[in-house]
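Beneath this line is the structure, given in structure tokens, with notes to follow.
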Amino acid sequence: MARATQRIILAVATAGFLLGVGLFLGVLAAGAFAPTVPEPTGLRDPERNALMTWFARGVLVLALAWLVIGMLAARTRLVARPGAAAARASWLAATRPWRARESTLGMLELDRWLMFAVPLALLIGTRLIEASFVLWMPLVLTAAALIPFAVVLRLFIWRRSPWPAIAAAGGVVVLQCVVELAVIAVAGPEVAWTVVWAAPATSALVVAVGVALFGWLFIATGWAIEVQIGARRAAGAVLAAFGAGLAVPAVILGFVGVRFAAATAADVELLPAGLARVLDAIALLPGGAPWIAAGAAVVTAAVGVLLARMPEPERLPVP
């Protein structure tokens, strides 16, 4: 069997496993949150919800255009257009991360920065739309997770190109944003949050897809840098980066408190009803939960560092 076919089979099997884990967690989440989510009684702010709906649709169109260009660029004249190579690299690295390095070779500087900036802009826009431009703490926590993750990962591949990892992570982020925006674009964030958490089937499905893409983000990133630093070091680097990315937000939550981080009392009145109820449920977590998460993150990072420092078999360096 050809090596490429083996990799595709392994990727499909991994995706199936992640979906299975996500579905299991989704069923648990549905049971935990469904009792706290009553039947919807109307919109809190119809005008804001309608505005967020159109924002979500607009950003979704841009995200889908990026994906379509990435899928078709190599087969059409689009490949010569500015940004097409970046979209192509993101799509290829997200769906076939073992080809991430080859997809970024020979790219123009503009394409490389678009490959970084477009997923980042989509992520920021999606987070703001989800919270109706009211709740800012999720965006702060997202930044607190992404920055340490990127810094630690960069340290492990210091003398090698970071663009394969950026292409893989950015491509998966775009897929995550498309899924989240597609839900919101139907009828707005308020209706989306309420409907999702009011029905066990929809909440389980949303959590399953979200968990699968979240897990694939780290697998794809590690797979993308495996050709550069070896499989063991790549796994260790991703574990260490994941631990760092989890530890910093957990420490922030530990200091400011889960409830304060979720929303202030004034914010809750402006949030989409379903999201407010979910935040109320999250606020019931024990006060020490963030510190437990931070401790687990430090242990994960330490295991990653030890794994990455284990010697690899001799191999030719890859730039």
Side-chain angles (χ1 to χ4, degrees), residues 8 11-12 15 18-19 22 49-97 99-100 103-104 107-108 110-133 138-139 142 146 163 166-193 195-196 202 205-217 219-221 224 272:
I8 292 174
V12 172
L18 291 174
L19 280 173
N49 187 72
L51 181 61
M52 293 301 106
T53 302
W54 285 106
F55 277 164
R57 291 169 181 171
V59 178
L60 178 60
V61 168
L62 296 176
L64 288 174
W66 181 259
L67 287 180
V68 171
I69 291 172
M71 286 185 265
L72 302 179
R75 302 179 179 89
T76 66
R77 296 179 181 178
L78 285 173
V79 70
R81 302 288 184 179
R88 174 63 178 167
S90 294
W91 168 254
L92 198 61
T95 55
R96 282 154 286 179
R99 297 183 59 186
S103 70
T104 60
M107 291 179 62
L108 298 175
L110 174 62
D111 286 313
R112 287 178 173 175
W113 285 108
L114 284 174
M115 188 172 62
F116 169 79
V118 170
L120 181 61
L122 284 175
L123 179 61
I124 294 173
T126 301
R127 291 292 173 267
L128 292 176
I129 292 171
E130 282 177 334
S132 298
F133 286 84
L139 188 59
T142 299
L146 284 178
W163 296 111
I166 292 173
V172 178
V173 166
V174 172
L175 294 176
Q176 290 175 320
C177 293
V178 166
V179 172
E180 295 170 17
L181 290 169
V183 175
I184 298 173
V186 176
E190 185 163 346
V191 175
W193 278 104
V195 170
V196 163
T202 55
L205 179 61
V206 169
V207 172
V209 176
V211 168
L213 286 174
F214 181 75
W216 184 249
L217 171 67
I219 293 173
T221 303

Q. Heavy atoms, side chains only, cut-off 4.5 Å: are Leu122 and Val173 in contact?
A. no
(Q) Going by the rule side-chain contact (heavy atoms from CB on, under 4.5 Å), which residues pair with Val179 if we only count those two or more places apart in sequence or in a different chain? (A) Val209, Leu213
Q | Spacing of CG belonging to Leu146 relative to OG1 belonging to Thr142, to within rounding of 0.5 Å | A | 6.5 Å
**Q.** Between CE on residue Met52 and CZ on residue Phe133, distance to nearest 0.5 Å
**A.** 5.0 Å
Q) Can you tell me how far the CG atom of Leu120 sits from the CG atom of Leu114, to the nearest 0.5 Å? A) 12.5 Å
Q) Can you name the closest pair of heavy atoms from Ala93 and Ala220 and give their distance? A) O-CB, 4.4 Å
Q: Please report the closest heavy-atom contact between Leu67 and Trp91, naming both atoms and the distance.
A: CD2-CE3, 4.0 Å
(Q) Which heavy atom of Ala86 sits nearest to which heavy atom of Asp111, and what is that distance? (A) CB-O, 3.1 Å
Q: Looking only at non-hydrogen atoms, find the nearest pair between Ala185 and Leu60 and report the distance.
A: CB-CD2, 4.0 Å
**Q.** Heavy-atom donor-acceptor pair, Trp216 side chain to Ala94 backbone, under 3.5 Å
**A.** yes
Q | Closest heavy-atom pair and its distance - Ile69, Ala84 | A | CG2-CA, 3.9 Å
Q) So which heavy atom on Thr104 is nearest to which on Ala89, and how close? A) CG2-CB, 4.3 Å
Q: Would you mind reporting whether Glu130 and Ile184 have side-chain heavy atoms less than 4.5 Å apart?
A: yes
Q. How about Met115 and Trp163: do any of their side-chain heavy atoms sit closer than 4.5 Å?
A. yes
Q: First locate atom CD1 of Ile166, then atom OG1 of Thr221, and finally report the distance between them rounded to the nearest 0.5 Å.
A: 10.5 Å
Q: Please confirm whether the backbone N or O of Leu181 pairs with a side-chain atom of Arg57, one donor and one acceptor, at under 3.5 Å?
A: no
(Q) Tell me which pairs pass salt bridge (charged side-chain N to carboxylate O under 4.0 Å, His left out) where either residue lies in residues 174-186, with sequence neighbours left out. (A) Arg127-Glu180
